[in-house]
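Structure, as structure tokens:
Just so it is clear: chains get the letters A, B, ... in the order the sequence lines come, proteins before strands, and each one is counted from 1.
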Amino acid sequence: MSMLQLATWNVNSLKVRLPHLLQWLEKNPVDLLGLQELKLTDDAFPVQELTMAGYGAVFAGQKTYNGVAILYKRSTMPTPVDVEVNLPSYPDEQQRVIAATFGDLRFISAYVVNGSEVGSEKFEYKKAWLDALLQDCSQWVKTYPKLALVGDFNIAPDDRDVHDPASWAGQVLCSDEERNRWRALLNLGLTDSFRLFEQPDKTFSWWDYRMLGFQKNKGLRIDHVLLSEALANCCTASIIDRAPRKWEKPSDHAPAIATIQE
DNA sequence: ATGGCTCAAAGATTGAGA
């Protein structure tokens, strides 16, 4: 019987947030961590600092925006193999997906398109991108019985995940077009690990920097750990850790962690 | 009041995020 902790965190600039990441990992030595919004090129990825902290990494960065990574604890995880960057069915210059296999576990870190606003060109990109994710996921769940898809999905699955559902109704992150695609993802056989358990009301993973969003808990739950059936069946906890959102110069996202008891 | 803050590129502002 061994325990595995799978996590995700949109750090909003790894360069700025590296001290927070290292501090968080010290208190939360998770086995696998998907990162999003690195906002740096691969030559600037802090390999040395993470190695010192006991973590290996595979990563796909770019200048200015996007960028994703998977960190793995070297003392507990085998070396990653079959590293794949991007969605096979959606060639893209934006670095939004990285996947790797650790033993018999396939772990995918994704940064879903934001979409700007419903009806915009970026929203069309988001829908097409999500459709590609759905297509590729339908293959992955067949190939990998133990599959974890984690990341910033930029979708609040239902009204429980929104501080003010009325004002967000139909808006980007909450629209039917996005939520229908979220449900289609779950229908492929993935489980929102957070909803396997009783959770406090108004638990969110993102709060706007403006308007005292965090202080007023005006947030959304858009960062998720999705598990295939085999993993969901032995998931014993799934939480969002608000703590680092209170630190000085925080990311606007908080990490989410699922615990697996194998 | 459709802004408010933060980051990256710039080297003053602007685009992007959600």
Side-chain angles (χ1 to χ4, degrees), chain A residues 8-21 23-24 34-46 59-69 92-97 109-130 133 150-179 181-182 194 202-224 240 242 244-256:
Chain A
T8 185
W9 195 4
N10 178 327
V11 290
N12 185 17
S13 173
L14 182 53
K15 220 171 274 180
V16 174
R17 225 65 65 198
L18 181 60
H20 280 199
L21 176 60
Q23 189 181 334
W24 188 78
L35 298 177
Q36 301 86 36
E37 285 209 86
L38 306 181
K39 293 186 171 181
L40 46 70
T41 48
D42 288 347
D43 59 296
F45 192 91
F59 47 90
Q62 68 179 87
K63 206 170 173 180
T64 314
Y65 298 120
N66 307 309
V68 284
D92 195 349
E93 288 183 9
Q94 301 193 17
Q95 303 296 292
R96 295 182 174 278
V97 177
S109 171
Y111 175 44
V112 175
V113 177
N114 170 291
S116 188
E117 59 182 297
V118 174
S120 68
E121 206 166 296
K122 285 174 184 169
F123 192 73
E124 294 304 310
Y125 169 40
K126 182 175 195 172
K127 288 189 292 181
W129 196 95
L130 283 167
L133 177 66
V150 313
D152 175 359
F153 285 76
N154 271 316
I155 300 175
D158 66 63
D159 283 351
R160 289 175 296 176
D161 304 310
V162 182
H163 68 92
D164 182 356
S167 75
W168 279 89
Q171 302 294 310
V172 72
L173 316 185
C174 300
S175 73
D176 286 342
E177 288 165 292
E178 292 158 280
R179 286 177 170 177
R181 285 169 172 80
W182 167 264
F194 185 79
K202 300 194 180 300
T203 299
F204 306 125
S205 70
W206 170 85
W207 301 261
D208 201 314
Y209 283 125
R210 302 167 295 184
M211 302 177 290
L212 300 172
F214 182 68
Q215 290 86 333
K216 296 178 181 168
N217 198 30
K218 289 187 169 184
L220 304 175
R221 190 176 69 94
I222 55 176
D223 300 270
H224 309 298
I240 295 169
R242 297 163 50 93
R245 188 63 175 78
K246 301 171 188 165
W247 298 347
E248 199 179 337
K249 271 183 113 35
S251 168
D252 43 358
H253 295 254

| task | Choose from dG17(B), dA8(B), dG15(B) the nucleotide whose nearest atom is closest to any side-chain atom of Thr64(A). | result | dA8(B)
| If we take the C1' atom in both dG15(B) and dA10(B), what is their distance in whole Å? | 12 Å
| task | Name the closest nucleotide to the Lys249(A) side chain, picking from dC7(B), dG17(B), dA16(B). | result | dC7(B)
| request: Remember a base hit wins even if backbone is also touched, and classify Gln171(A) as base, sugar-phosphate or nothing at under 4.0 Å, heavy atoms. | output: nothing
| Below 4.0 angstrom from OP1 or OP2 of dG17(B), is there any side-chain N or O of Ser116(A)? | no
| message | With a 4.5 Å cut-off on side-chain heavy atoms, are Phe204(A) and Asn217(A) touching? | response | yes
| said: Just to be sure I understand the rule, does Asn10(A) reach a base, reach only the sugar-phosphate, or reach nothing, if contact means heavy atoms closer than 4.0 Å? | reply: sugar-phosphate
| query | Of Lys122(A) and Lys15(A), whose closest DNA chain B nucleotide lies nearer the 5' terminus? | reply | Lys15(A)
| task | Could you tell me the separation between the CD atom of Glu121(A) and the P atom of dG17(B), rounded to a whole number of Å? | result | 13 Å
| query | Has Asn66(A) got a side-chain N or O lying under 4.0 Å from the OP1 or OP2 atom of dG17(B)? | reply | no
| Closest listed nucleotide, where the reference is the side chain of Val16(A) and the choices are dG17(B), dC7(B), dA9(B) | dC7(B)
| query | Just checking, any donor-acceptor pair under 3.5 angstrom between side chains of Ser120(A) and Glu117(A)? | reply | no
| message | Using the side-chain heavy atoms of Asp208(A), tell me which of these nucleotides is nearest: dC7(B), dA18(B), dA16(B). | response | dA18(B)
| Tyr65(A) has a side chain; which of dC7(B), dG15(B), dA18(B) sits nearest to it? | dG15(B)
| For Ile222(A), which contact category applies under a 4.0 Å heavy-atom criterion: base, sugar-phosphate, or nothing? | sugar-phosphate
| query | Rounding to a whole Å, what distance do you find between Gln215(A):CD and dC5(B):P? | reply | 12 Å
| Taking the side chain from Arg221(A) and the backbone from Ser205(A), do they hold a donor-acceptor pair closer than 3.5 Å? | no
| task | Please state whether the phosphate of dG17(B), meaning OP1 or OP2, lies under 4.0 angstrom from any side-chain nitrogen or oxygen of His253(A). | result | no
| field | Asn12(A) side chain to Lys39(A) side chain, donor-acceptor N/O pair below 3.5 angstrom | value | yes
| request: Would you mind classifying the nucleic acid contact of Tyr111(A) as base, sugar-phosphate or nothing, using non-hydrogen atoms under 4.0 angstrom? | output: sugar-phosphate
| message | Measure CG/Leu212(A) against P/dC5(B) and give the value in whole Å, please. | response | 9 Å
| query | Please give, in whole Å, the distance from dA18(B) C1' to Trp168(A) CH2? | reply | 6 Å
| Using a cut-off of less than 4.0 Å, is there contact between a side-chain N or O of Lys126(A) and OP1 or OP2 of dA18(B)? | no
| Inter-nucleotide P distance (dT14(B), dG4(B)), Å rounded | 12 Å
| said: Please report the distance, rounded to the nearest Å, between CZ in Phe123(A) and P in dG17(B). | reply: 14 Å
| message | Any salt bridge linking Asp159(A) with Arg179(A)? Criterion: basic side-chain nitrogen under 4.0 Å from a carboxylate oxygen. | response | yes
| field | P spacing across the pair dA1(B) / dT6(B), given as an integer number of angstrom | value | 25 Å
| field | Rounded C1' spacing from dG3(B) to dG17(B) in Å | value | 15 Å
| Interatomic distance at C1', dA12(B) relative to dA18(B), whole Å | 26 Å
| request: Kindly indicate whether the side chain of Asn154(A) and the base of dA18(B) share any N or O donor-acceptor pair separated by less than 3.5 Å? | output: no
| Taking for each residue the nucleotide of DNA chain B bearing the nearest heavy atom, is the 5' side occupied by Lys39(A) or by Met211(A)? | Met211(A)
| query | Just wondering, are more than 12 heavy atoms of other shown residues or ligands nearer than 6.0 Å to CD in Glu93(A)? | reply | no
| task | Determine: side-chain N/O of Arg17(A) to OP1/OP2 of dC7(B), distance under 4.0 Å, yes or no. | result | yes
| message | In whole Å, I'd like the distance from the CD atom of Glu248(A) to the C1' atom of dC5(B). | response | 15 Å
| remark: Nearest heavy-atom approach of Leu35(A) to Ser109(A) is O-OG, 3.1 Å
| said: With a 4.0 Å limit, can you tell me whether Asn12(A) has a side-chain N or O closer than that to the phosphate oxygens OP1/OP2 of dT6(B)? | reply: no
| said: Regarding Asp252(A), tell me which of base, sugar-phosphate or nothing describes its non-hydrogen contacts under 4.0 Å with the strands shown. | reply: nothing
| To the nearest angstrom, how far is Gln62(A) atom CD from dG17(B) atom P? | 11 Å
| task | Find the distance Phe214(A):CZ to dT6(B):P and express it as a whole number of Å. | result | 14 Å
| field | From dG15(B), dA18(B), dG17(B), nucleotide with atom closest to Arg96(A) side chain | value | dG17(B)
